[in-house]
Amino acid sequence: MVATLETDVSGWTTAPTDFPGSPLSQAIKQPMMLGVFLNFQDIRHSTLPTTSTWTYDYNAEIVKLADRLGFEIVFSRTQWLPKGGYDGEASIDSFIGVAAFAPITKRILLISTIHVLYGPWHPLHLAKYGATLDHISKGRWGINIVTGHRAIEHEMFGWDRIEHDHRYEMTGEFFDVVKRLWSEDENLSAASQYGTWKIKDGYITPKPLYGRPVLVNATGSDAGIKFAAQYSDLVFITSPGGAHIDSALETLPAHTARIKRAALANGREIKTLINPTIVSRETEREALAYADAIVENKIPPNVVGFQSYDSDAHAWRGRKDPTHKQGLGLGGNIEIIGSPEQVVDQLVALKKAGIDGVQLGFYDFLPDLEFFGDRILPLMKQAGLRL
Ligand SMILES: Cc1cc2nc3c(=O)[nH]c(=O)nc-3n(C[C@H](O)[C@H](O)[C@H](O)COP(=O)(O)O)c2cc1C
(Lines give C-alpha, C1' and ligand atoms only; values in the text may rest on other atoms or scores of the structure.)
Protein backbone atom coordinates (compact mmCIF):
# COMPACT_ATOMS: atom_id res chain seq x y z
CA MET A 1 0.00 0.00 0.00
CA VAL A 2 1.33 3.44 -0.90
CA ALA A 3 1.29 5.72 2.12
CA THR A 4 -0.28 9.14 1.79
CA LEU A 5 1.59 12.08 3.24
CA GLU A 6 -0.50 13.87 5.84
CA THR A 7 0.05 17.55 6.48
CA ASP A 8 -2.21 17.66 9.55
CA VAL A 9 0.18 15.89 11.89
CA SER A 10 -1.38 16.71 15.25
CA GLY A 11 -2.37 13.75 17.37
CA TRP A 12 -3.17 12.85 20.98
CA THR A 13 -0.47 11.21 23.07
CA THR A 14 0.14 10.35 26.70
CA ALA A 15 2.50 12.31 28.93
CA PRO A 16 4.92 11.10 31.66
CA THR A 17 2.56 12.66 34.25
CA ASP A 18 -0.12 10.11 33.19
CA PHE A 19 2.12 7.49 34.88
CA PRO A 20 2.37 7.86 38.69
CA GLY A 21 5.65 5.93 38.69
CA SER A 22 7.41 8.08 36.08
CA PRO A 23 10.46 10.07 37.19
CA LEU A 24 8.62 13.28 36.24
CA SER A 25 5.58 12.36 38.39
CA GLN A 26 7.98 11.75 41.31
CA ALA A 27 9.83 15.04 40.72
CA ILE A 28 6.76 17.27 40.65
CA LYS A 29 5.67 16.03 44.09
CA GLN A 30 8.29 18.31 45.62
CA PRO A 31 6.85 21.62 46.84
CA MET A 32 9.92 23.25 45.29
CA MET A 33 11.91 21.23 42.77
CA LEU A 34 15.67 21.69 42.76
CA GLY A 35 17.88 21.67 39.71
CA VAL A 36 21.35 22.65 38.61
CA PHE A 37 21.84 24.99 35.65
CA LEU A 38 25.15 23.87 34.20
CA ASN A 39 27.61 25.73 32.04
CA PHE A 40 29.14 23.52 29.39
CA GLN A 41 30.87 26.65 28.19
CA ASP A 42 33.21 29.17 29.71
CA ILE A 43 31.06 31.88 31.26
CA ARG A 44 33.21 34.63 32.70
CA HIS A 45 31.50 37.33 34.68
CA SER A 46 34.45 38.16 36.87
CA THR A 47 38.13 37.48 37.33
CA LEU A 48 37.58 36.48 40.98
CA PRO A 49 39.08 32.96 41.21
CA THR A 50 36.62 30.09 40.75
CA THR A 51 36.79 26.36 40.14
CA SER A 52 33.87 26.60 37.65
CA THR A 53 34.72 25.38 34.19
CA TRP A 54 33.06 23.96 31.09
CA THR A 55 34.47 20.44 31.13
CA TYR A 56 32.36 17.29 31.18
CA ASP A 57 34.31 16.01 34.19
CA TYR A 58 33.69 19.15 36.30
CA ASN A 59 30.00 19.18 35.42
CA ALA A 60 29.76 15.44 36.12
CA GLU A 61 30.96 16.10 39.70
CA ILE A 62 28.22 18.72 40.10
CA VAL A 63 25.55 16.38 38.75
CA LYS A 64 26.66 13.44 40.91
CA LEU A 65 26.52 15.69 43.99
CA ALA A 66 23.08 17.07 42.98
CA ASP A 67 21.79 13.52 42.45
CA ARG A 68 23.09 12.49 45.90
CA LEU A 69 21.44 15.55 47.46
CA GLY A 70 18.10 14.48 45.93
CA PHE A 71 17.86 17.23 43.29
CA GLU A 72 15.26 16.62 40.56
CA ILE A 73 16.70 18.28 37.44
CA VAL A 74 19.89 18.94 35.53
CA PHE A 75 19.87 21.30 32.61
CA SER A 76 22.51 23.16 30.61
CA ARG A 77 22.58 26.11 28.28
CA THR A 78 23.92 25.55 24.77
CA GLN A 79 24.79 27.93 21.97
CA TRP A 80 26.17 27.92 18.41
CA LEU A 81 28.60 30.80 18.15
CA PRO A 82 31.46 31.63 15.82
CA LYS A 83 35.11 31.90 16.82
CA GLY A 84 35.49 34.28 19.73
CA GLY A 85 31.80 34.01 20.66
CA TYR A 86 32.18 32.21 23.95
CA ASP A 87 33.75 33.98 26.91
CA GLY A 88 36.46 31.37 26.68
CA GLU A 89 36.89 29.30 23.55
CA ALA A 90 35.31 26.08 24.72
CA SER A 91 31.71 24.90 24.70
CA ILE A 92 30.49 21.31 24.61
CA ASP A 93 27.04 20.37 23.37
CA SER A 94 24.22 20.05 25.87
CA PHE A 95 22.31 17.29 24.03
CA ILE A 96 25.24 14.90 24.21
CA GLY A 97 26.75 16.25 27.44
CA VAL A 98 23.57 15.97 29.55
CA ALA A 99 22.57 12.60 28.05
CA ALA A 100 26.01 11.31 29.01
CA PHE A 101 25.10 11.77 32.70
CA ALA A 102 22.57 8.91 32.50
CA PRO A 103 24.92 6.09 33.57
CA ILE A 104 26.46 8.09 36.44
CA THR A 105 23.18 9.21 38.05
CA LYS A 106 20.15 7.46 39.55
CA ARG A 107 17.20 9.77 40.09
CA ILE A 108 17.75 13.17 38.54
CA LEU A 109 15.92 14.24 35.34
CA LEU A 110 18.36 14.93 32.50
CA ILE A 111 17.11 17.78 30.33
CA SER A 112 19.15 18.36 27.15
CA THR A 113 18.82 21.76 25.53
CA ILE A 114 18.35 21.25 21.77
CA HIS A 115 17.91 23.80 18.99
CA VAL A 116 15.26 21.75 17.24
CA LEU A 117 15.02 23.92 14.09
CA TYR A 118 18.72 23.93 13.26
CA GLY A 119 19.94 21.53 10.62
CA PRO A 120 17.06 21.10 10.06
CA TRP A 121 16.63 18.10 12.34
CA HIS A 122 14.52 15.32 10.88
CA PRO A 123 11.68 14.22 13.22
CA LEU A 124 12.79 10.60 12.85
CA HIS A 125 16.23 11.45 14.19
CA LEU A 126 14.94 13.17 17.31
CA ALA A 127 12.24 10.52 17.88
CA LYS A 128 14.76 7.66 17.61
CA TYR A 129 17.52 9.30 19.64
CA GLY A 130 14.95 10.40 22.25
CA ALA A 131 13.45 6.90 22.59
CA THR A 132 16.97 5.50 22.92
CA LEU A 133 17.94 7.92 25.69
CA ASP A 134 14.58 7.38 27.38
CA HIS A 135 15.39 3.67 27.69
CA ILE A 136 19.01 4.22 28.74
CA SER A 137 17.94 6.71 31.45
CA LYS A 138 14.77 4.77 32.47
CA GLY A 139 12.49 7.64 31.60
CA ARG A 140 14.65 10.42 33.07
CA TRP A 141 15.69 12.13 29.84
CA GLY A 142 13.96 15.10 28.28
CA ILE A 143 14.39 18.03 25.91
CA ASN A 144 14.62 21.74 26.64
CA ILE A 145 13.20 22.87 23.31
CA VAL A 146 14.88 26.04 22.07
CA THR A 147 14.20 27.64 18.71
CA GLY A 148 17.24 29.96 18.45
CA HIS A 149 16.98 33.68 19.19
CA ARG A 150 20.30 34.90 17.75
CA ALA A 151 20.50 35.83 14.07
CA ILE A 152 24.12 34.71 13.89
CA GLU A 153 23.20 31.13 14.83
CA HIS A 154 20.57 30.74 12.12
CA GLU A 155 23.05 32.21 9.63
CA MET A 156 25.62 29.61 10.68
CA PHE A 157 23.15 26.95 9.54
CA GLY A 158 22.68 28.67 6.19
CA TRP A 159 19.54 30.84 6.38
CA ASP A 160 18.32 34.17 7.74
CA ARG A 161 16.81 34.06 11.22
CA ILE A 162 13.28 32.61 11.05
CA GLU A 163 10.63 35.06 12.31
CA HIS A 164 10.06 34.79 16.08
CA ASP A 165 6.47 33.47 16.26
CA HIS A 166 6.86 31.36 13.14
CA ARG A 167 9.69 29.48 14.88
CA TYR A 168 7.18 28.26 17.47
CA GLU A 169 4.66 27.22 14.75
CA MET A 170 7.36 25.18 13.00
CA THR A 171 8.43 23.66 16.32
CA GLY A 172 4.84 22.75 17.19
CA GLU A 173 4.41 20.94 13.89
CA PHE A 174 7.73 19.15 14.44
CA PHE A 175 6.73 17.92 17.91
CA ASP A 176 3.25 16.90 16.76
CA VAL A 177 4.87 14.36 14.49
CA VAL A 178 7.67 13.37 16.92
CA LYS A 179 5.04 12.64 19.59
CA ARG A 180 3.12 10.48 17.13
CA LEU A 181 6.30 8.56 16.29
CA TRP A 182 6.79 7.98 20.01
CA SER A 183 3.25 6.68 20.50
CA GLU A 184 1.68 5.20 17.36
CA ASP A 185 1.89 1.55 16.59
CA GLU A 186 1.64 1.81 12.81
CA ASN A 187 3.93 3.22 10.16
CA LEU A 188 3.47 6.95 9.80
CA SER A 189 3.67 9.08 6.67
CA ALA A 190 3.63 12.83 6.99
CA ALA A 191 5.03 16.01 5.46
CA SER A 192 5.79 19.40 6.93
CA GLN A 193 3.53 22.11 5.54
CA TYR A 194 6.64 24.33 5.64
CA GLY A 195 8.56 21.92 3.41
CA THR A 196 11.28 21.14 5.95
CA TRP A 197 10.80 17.36 6.29
CA LYS A 198 8.88 14.38 4.93
CA ILE A 199 8.32 10.90 6.35
CA LYS A 200 7.19 7.84 4.44
CA ASP A 201 6.31 4.79 6.52
CA GLY A 202 8.27 5.99 9.51
CA TYR A 203 8.29 3.81 12.62
CA ILE A 204 10.05 4.05 15.97
CA THR A 205 10.48 1.23 18.44
CA PRO A 206 10.94 0.81 21.35
CA LYS A 207 8.42 3.39 22.51
CA PRO A 208 9.45 5.63 25.42
CA LEU A 209 8.70 4.08 28.81
CA TYR A 210 6.25 6.75 30.03
CA GLY A 211 4.47 7.95 26.89
CA ARG A 212 7.24 10.31 25.82
CA PRO A 213 10.37 12.01 27.16
CA VAL A 214 9.93 15.08 29.37
CA LEU A 215 9.31 18.25 27.34
CA VAL A 216 10.43 21.67 28.50
CA ASN A 217 10.78 25.06 26.86
CA ALA A 218 12.39 28.31 27.96
CA THR A 219 10.46 31.46 27.16
CA GLY A 220 8.95 34.80 28.07
CA SER A 221 6.95 35.62 24.93
CA ASP A 222 3.25 35.12 24.15
CA ALA A 223 4.07 32.67 21.35
CA GLY A 224 6.47 30.73 23.60
CA ILE A 225 3.92 30.57 26.43
CA LYS A 226 1.25 29.35 24.00
CA PHE A 227 3.69 26.63 22.89
CA ALA A 228 4.50 25.69 26.50
CA ALA A 229 0.81 25.48 27.39
CA GLN A 230 0.33 22.99 24.58
CA TYR A 231 3.49 20.87 24.69
CA SER A 232 5.67 21.35 27.78
CA ASP A 233 5.62 19.70 31.19
CA LEU A 234 7.94 22.33 32.63
CA VAL A 235 8.63 25.88 31.50
CA PHE A 236 11.80 27.83 32.25
CA ILE A 237 10.84 31.43 32.81
CA THR A 238 12.61 34.68 33.59
CA SER A 239 11.68 37.53 35.85
CA PRO A 240 9.50 39.85 33.76
CA GLY A 241 11.07 42.62 35.83
CA GLY A 242 14.77 42.82 36.61
CA ALA A 243 17.11 40.24 38.09
CA HIS A 244 16.85 41.83 41.57
CA ILE A 245 14.78 39.62 43.84
CA ASP A 246 12.42 42.48 44.83
CA SER A 247 11.61 43.18 41.22
CA ALA A 248 11.21 39.46 40.46
CA LEU A 249 8.83 38.98 43.38
CA GLU A 250 6.72 41.95 42.25
CA THR A 251 6.36 40.78 38.66
CA LEU A 252 6.33 36.98 38.91
CA PRO A 253 2.89 36.30 40.47
CA ALA A 254 0.91 37.65 37.49
CA HIS A 255 3.33 35.99 35.04
CA THR A 256 3.24 32.52 36.61
CA ALA A 257 -0.56 32.68 37.05
CA ARG A 258 -0.97 33.55 33.38
CA ILE A 259 1.23 30.63 32.25
CA LYS A 260 -0.62 28.13 34.44
CA ARG A 261 -4.00 29.46 33.24
CA ALA A 262 -2.89 29.02 29.62
CA ALA A 263 -2.01 25.36 30.27
CA LEU A 264 -5.25 24.76 32.20
CA ALA A 265 -7.23 26.11 29.25
CA ASN A 266 -5.77 23.15 27.31
CA GLY A 267 -6.65 20.77 30.16
CA ARG A 268 -3.00 20.55 31.17
CA GLU A 269 -0.87 21.39 34.17
CA ILE A 270 2.53 23.02 33.79
CA LYS A 271 5.26 23.67 36.35
CA THR A 272 7.36 26.83 36.34
CA LEU A 273 11.12 26.90 36.87
CA ILE A 274 13.45 29.86 37.25
CA ASN A 275 17.24 30.02 37.49
CA PRO A 276 18.67 32.06 40.35
CA THR A 277 22.33 32.57 41.04
CA ILE A 278 22.80 31.94 44.75
CA VAL A 279 25.49 33.75 46.70
CA SER A 280 25.46 32.54 50.28
CA ARG A 281 27.76 32.38 53.28
CA GLU A 282 27.20 31.77 57.01
CA THR A 283 26.30 35.41 57.65
CA GLU A 284 24.69 38.15 55.56
CA ARG A 285 27.86 40.22 55.91
CA GLU A 286 30.02 37.45 54.46
CA ALA A 287 27.55 36.76 51.64
CA LEU A 288 27.46 40.45 50.68
CA ALA A 289 31.27 40.59 50.80
CA TYR A 290 31.40 37.57 48.43
CA ALA A 291 28.93 39.24 46.02
CA ASP A 292 30.94 42.48 46.20
CA ALA A 293 34.18 40.63 45.41
CA ILE A 294 32.57 39.10 42.29
CA VAL A 295 31.32 42.53 41.19
CA GLU A 296 34.59 44.37 41.95
CA ASN A 297 36.39 41.97 39.61
CA LYS A 298 33.70 42.03 36.94
CA ILE A 299 34.67 41.77 33.30
CA PRO A 300 33.13 44.72 31.38
CA PRO A 301 30.12 43.64 29.24
CA ASN A 302 31.75 44.50 25.91
CA VAL A 303 34.43 41.91 26.58
CA VAL A 304 31.81 39.22 27.20
CA GLY A 305 31.15 37.83 23.73
CA PHE A 306 27.95 35.85 23.66
CA GLN A 307 25.73 38.51 25.16
CA SER A 308 26.66 41.01 22.47
CA TYR A 309 24.99 39.27 19.49
CA ASP A 310 21.67 40.42 18.05
CA SER A 311 18.82 38.53 19.78
CA ASP A 312 15.05 38.79 19.30
CA ALA A 313 14.27 37.05 22.61
CA HIS A 314 11.42 38.45 24.68
CA ALA A 315 12.42 36.67 27.88
CA TRP A 316 14.98 39.22 29.08
CA ARG A 317 13.25 42.43 28.00
CA GLY A 318 12.40 43.37 31.59
CA ARG A 319 16.09 44.00 32.14
CA LYS A 320 15.97 47.03 29.88
CA ASP A 321 13.08 48.61 31.78
CA PRO A 322 14.45 51.35 34.09
CA THR A 323 11.43 51.06 36.41
CA HIS A 324 12.60 47.60 37.53
CA LYS A 325 15.38 46.94 40.06
CA GLN A 326 18.27 45.19 38.35
CA GLY A 327 20.69 42.76 39.97
CA LEU A 328 24.46 42.82 40.25
CA GLY A 329 24.97 40.92 36.98
CA LEU A 330 25.92 37.63 38.64
CA GLY A 331 24.60 35.51 35.79
CA GLY A 332 21.23 34.16 36.92
CA ASN A 333 17.83 35.29 35.74
CA ILE A 334 17.43 36.37 39.34
CA GLU A 335 19.87 36.77 42.22
CA ILE A 336 19.52 35.43 45.75
CA ILE A 337 22.10 36.74 48.18
CA GLY A 338 22.35 36.22 51.93
CA SER A 339 22.80 33.86 54.86
CA PRO A 340 21.24 30.38 54.57
CA GLU A 341 18.15 31.61 56.46
CA GLN A 342 17.82 34.63 54.16
CA VAL A 343 18.18 32.43 51.06
CA VAL A 344 15.36 30.18 52.29
CA ASP A 345 13.14 33.20 53.02
CA GLN A 346 13.61 34.29 49.40
CA LEU A 347 12.88 30.78 48.11
CA VAL A 348 9.68 30.70 50.18
CA ALA A 349 8.70 34.03 48.63
CA LEU A 350 9.38 32.63 45.13
CA LYS A 351 7.15 29.64 45.89
CA LYS A 352 4.38 32.07 46.91
CA ALA A 353 4.97 33.91 43.61
CA GLY A 354 4.09 30.72 41.70
CA ILE A 355 7.55 29.21 41.16
CA ASP A 356 7.57 25.39 41.33
CA GLY A 357 11.29 24.83 40.95
CA VAL A 358 14.68 26.55 40.91
CA GLN A 359 17.57 25.74 38.61
CA LEU A 360 20.51 26.84 40.69
CA GLY A 361 23.68 28.51 39.51
CA PHE A 362 26.68 29.47 41.64
CA TYR A 363 29.78 31.55 41.03
CA ASP A 364 32.13 28.83 42.29
CA PHE A 365 29.83 25.96 41.41
CA LEU A 366 31.07 22.87 43.16
CA PRO A 367 32.05 24.30 46.58
CA ASP A 368 29.03 26.63 46.61
CA LEU A 369 26.72 23.69 45.82
CA GLU A 370 28.31 21.75 48.69
CA PHE A 371 27.57 24.69 50.99
CA PHE A 372 23.98 24.72 49.68
CA GLY A 373 23.61 21.01 50.44
CA ASP A 374 25.05 21.33 53.94
CA ARG A 375 23.47 24.55 55.12
CA ILE A 376 20.50 25.55 52.96
CA LEU A 377 18.83 22.28 51.99
CA PRO A 378 18.04 21.27 55.61
CA LEU A 379 16.42 24.68 56.15
CA MET A 380 14.34 24.22 52.98
CA LYS A 381 12.98 21.02 54.51
CA GLN A 382 12.14 22.83 57.76
CA ALA A 383 10.36 25.54 55.75
CA GLY A 384 8.21 22.94 53.96
CA LEU A 385 9.81 23.50 50.55
CA ARG A 386 11.20 19.95 50.39
CA LEU A 387 9.69 16.59 51.31
C1 LIG B 1 16.18 29.94 31.50
C2 LIG B 1 16.44 30.05 30.03
C3 LIG B 1 17.44 29.31 29.47
C4 LIG B 1 17.70 29.36 28.11
N5 LIG B 1 18.71 28.65 27.56
C6 LIG B 1 18.99 28.77 26.24
C7 LIG B 1 20.05 28.08 25.66
O8 LIG B 1 20.76 27.33 26.31
N9 LIG B 1 20.31 28.27 24.34
C10 LIG B 1 19.55 29.11 23.58
O11 LIG B 1 19.81 29.25 22.39
N12 LIG B 1 18.52 29.78 24.11
C13 LIG B 1 18.23 29.62 25.41
N14 LIG B 1 17.20 30.32 25.95
C15 LIG B 1 16.44 31.21 25.07
C16 LIG B 1 15.14 30.62 24.68
O17 LIG B 1 15.33 29.43 23.98
C18 LIG B 1 14.39 31.57 23.81
O19 LIG B 1 15.02 31.73 22.57
C20 LIG B 1 14.30 32.92 24.42
O21 LIG B 1 13.78 32.82 25.72
C22 LIG B 1 13.44 33.75 23.55
O23 LIG B 1 12.20 33.21 23.47
P24 LIG B 1 11.00 34.10 23.80
O25 LIG B 1 11.13 35.28 22.88
O26 LIG B 1 9.85 33.20 23.54
O27 LIG B 1 11.15 34.50 25.23
C28 LIG B 1 16.92 30.23 27.30
C29 LIG B 1 15.90 30.98 27.87
C30 LIG B 1 15.65 30.90 29.22
C31 LIG B 1 14.52 31.71 29.77
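Keep in mind that what you see is a predicted model, and the values were worked out from it rather than measured. We use all heavy atoms of the structure for the numbers below, so side chains are in, but hydrogens, waters and symmetry mates are not. Whatever order the structure lists ligands and atoms in, that order sets their numbers, starting from 1.
Protein residues with a heavy atom closer than 4.0 Å to ligand 1 are Phe75, Arg77, Thr78, Thr113, His115, Val146, His149, His164, Tyr168, Ala218, Thr219, Gly220, Ser221, Phe236, Thr238, Asn275, Ala313, His314, Ala315, Trp316, Asn333, listed by chain and number.
Taking the six-membered ring where tryptophan is involved, the planes of His122 and His125 are perpendicular, since the angle between them exceeds 60° and thus also 30°.
The cationic atom of Lys207 (NZ for Lys, CZ for Arg) lies less than 6.0 Å from the six-membered ring centre of Tyr203 and within 45° of the ring axis.
Heavy atoms of other residues, nucleotides or ligands lying less than 6.0 angstrom from CH2 of Trp121 number more than 12.
With rounding to the nearest 0.5 Å, the separation of CD in Gln79 from CZ in Phe40 is 13.5 Å. Within the model, atoms CZ of Arg140 and CZ of Arg107 stand 10.0 Å from one another, a figure rounded to the nearest 0.5 Å.
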*Let me see the working for Asn333 and Ser239 under side-chain hydrogen bond (donor to acceptor under 3.5 Å, both in side chains), right down to the final yes or no.*
CA-CA 7 Å; Asn333 275 321; Ser239 158; over 6 Å; no
